[in-house]
Amino acid sequence: MYMKSRHKIRGFSAWAPISDLVAWYGESIERKNKYAREIIRCIGTSAIFDTLSAEKRSPLYWETPVKKRKNSILQIFAGIHDGYFDDPVPISQSISFYNKIISDFGEKDISKYVSDEDLKIMVNTQSFPSSNKNDRIGDRTIHYQKASKKTMLTIFEGGHDMLSKQALEYLEQNRK
């Protein structure tokens, strides 16, 4: 919706968004889960993976509507354990999308981006060493948080979860 809606929307809340079908297909093949087959069906090809078709359906490859979204807030949330066990969407999907959006909005401060090193730590350990265990979203610990202008990323304790109450609270807080 953030990338394609023609409406001027003030707030978006994305929970474990899939932003790159190409990467997710590769991750699904590596993890030997059912999603590789589903991605092939989603992109409309027969029985083989087509990178170009996957890119056309992946927000990471689309042009960000910067002018239309200059007054919109985008909040991206992902559980630190998503992508493991039975949870389908690796946190790298959320992180890559966050970095893309702030880049497209011209963020110059590199400290606002999630570094490759931070991503590697989170993916390999399913935690982040410098997180403040007192920072919370609902009853969950926030492991990692970044923000740039009107875009925020929160990695919290959990899997493929959506904390509905907190999602609505965040949107309400930032509505003005």
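Source: prediction; values computed, not measured.
- Residues Ile29 and Trp24 are members of one and the same hydrophobic cluster, defined by side-chain heavy-atom contacts under 4.5 angstrom among Ile, Leu, Val, Met, Phe, Trp and Tyr.
- When atom types are taken as modelled, the side chain of Ser103 and the backbone of Asn99 share no donor-acceptor pair closer than 3.5 angstrom.
- Contact annotation: the side chain of Thr154 approaches that of Met152 to within less than 4.5 Å [non-hydrogen atoms, C-beta and beyond].
- Ala47 and Ile40 get closest at one heavy-atom pair: O-CD1, 3.8 Å.
- Listed here is the closest heavy atom pair of Ser115 and Tyr144: N-OH, 4.4 Å.
- Among residues two or more places apart in sequence or in another chain, the side-chain hydrogen bond (donor to acceptor under 3.5 Å, both in side chains) test is passed with Ser72 by none.
- Side-chain N or O atoms of Asp20 include none that pairs as donor or acceptor with a backbone N or O of Pro59 at under 3.5 Å.
- Among residues two or more places apart in sequence or in another chain, the side-chain hydrogen bond (donor to acceptor under 3.5 Å, both in side chains) test is passed with Ser94 by none.
- Take Thr125 and apply the side-chain contact (heavy atoms from CB on, under 4.5 Å) test, not counting sequence neighbours, and it matches Ile121, Ser127.
- Nearest heavy atom pair, residue Lys146 against residue Ser111, reads NZ-O, 2.6 Å.
- Scanning both residues, Ser92 and Glu27, for their nearest heavy atoms gives OG-OE2, 3.2 Å.
- Within the structure, salt bridge (charged side-chain N to carboxylate O under 4.0 Å, His left out) contacts touching residues 60-78 (residues at least two apart or in different chains) do not occur.
- Summarising the local packing, NZ of Lys120 is surrounded by 12 or fewer heavy atoms from other residues, nucleotides or ligands at distances under 6.0 Å.
- Here the side chains of Leu153 and Gln145 are not in contact, with every heavy-atom distance at 4.5 Å or above.
- Of the listed residues (Thr151, Leu74, Ile155), just one forms a side chain to side chain contact (heavy atoms under 4.5 Å, CB included) with Tyr98, and that residue is Thr151.
- Inter-residue side-chain proximity for Ile73 and Arg10 is flagged as unmet; no heavy-atom pair is nearer than 4.5 Å.
- Every residue two or more places apart in sequence or in another chain that forms a side-chain contact (heavy atoms from CB on, under 4.5 Å) with Arg57 is listed here: Leu21, Ile43, Ser53.
- Of the inter-residue distances, the one linking Asp50 atom CG with Glu55 atom CD reads 9.0 Å to the nearest 0.5 angstrom.
- Side-chain heavy atoms closer than 4.5 Å link hydrophobic residues (I, L, V, M, F, W, Y) into clusters, and following such links, possibly through other members, connects Phe12 to Val66.
- Applying the salt bridge (charged side-chain N to carboxylate O under 4.0 Å, His left out) test to Lys165 and every residue at least two apart in sequence or in another chain returns Glu169.
- Residues Thr141 and Phe156 form no side-chain contact, since every pair of their non-hydrogen atoms from C-beta on lies 4.5 Å or further apart.
- Not counting sequence neighbours, Ser58 has no partner by the side-chain hydrogen bond (donor to acceptor under 3.5 Å, both in side chains) test.
- For the atom pair Ile80 CD1 and Arg140 CZ, the distance stands at 13.0 Å (nearest 0.5 Å).
- Partners of Asp116 according to the side-chain hydrogen bond (donor to acceptor under 3.5 Å, both in side chains) rule, which considers only residues two or more places apart in sequence or in another chain, do not exist here.
- In summary, of the residues considered (Glu157, His81, His143), a side chain to side chain donor-acceptor pair (under 3.5 Å) with Gln126 occurs for His81 alone.
- Note on ring orientation: taking the six-membered ring where Trp is involved, the planes of Tyr25 and Phe49 are parallel (angle under 30°, cut-offs 30° and 60°).
- Sorted by first and then second residue, the salt bridge (charged side-chain N to carboxylate O under 4.0 Å, His left out) pairs with a member in residues 74-84 form an empty list; sequence neighbours excluded.
- For Pro17 against Gln93, the heavy-atom pair with the smallest separation is O-CB, 3.3 Å.
- In this structure, Ile101 is a member of the same hydrophobic cluster as Met1, with clusters built from ILVMFWY side-chain heavy atoms closer than 4.5 Å.
- For residues 103-114, the set of pairs meeting the salt bridge (charged side-chain N to carboxylate O under 4.0 Å, His left out) definition, not counting sequence neighbours, comprises Lys100-Asp104.
- The two residues Arg31 and Pro90 make their nearest non-hydrogen contact at NH1-CG, 3.2 Å.
- Here CZ of Phe97 is found 6.0 Å from CD1 of Ile76. Values are rounded to the nearest 0.5 Å.
- Looking only at distances, no side-chain donor or acceptor of Lys8 sits under 3.5 Å from a matching main-chain atom of Asn71.
- Distance check, rounded to the nearest 0.5 Å: CE of Met122 to CD of Glu117 gives 10.5 Å.
- Here the CZ-CG distance, from Phe128 to Asp118, works out to 3.5 Å after rounding to the nearest 0.5 Å.
- A search for salt bridge (charged side-chain N to carboxylate O under 4.0 Å, His left out) contacts involving Lys150 returns nothing, not counting sequence neighbours.
- Side-chain heavy atoms closer than 4.5 Å link hydrophobic residues (I, L, V, M, F, W, Y) into clusters, and following such links, possibly through other members, connects Met162 to Ile142.
- Contacts classified as ring-ring contact (aromatic ring centres under 6.0 Å, His included) and involving residues 55-79 (residues at least two apart or in different chains) are given here: Trp15-Phe77, Phe77-Tyr170.
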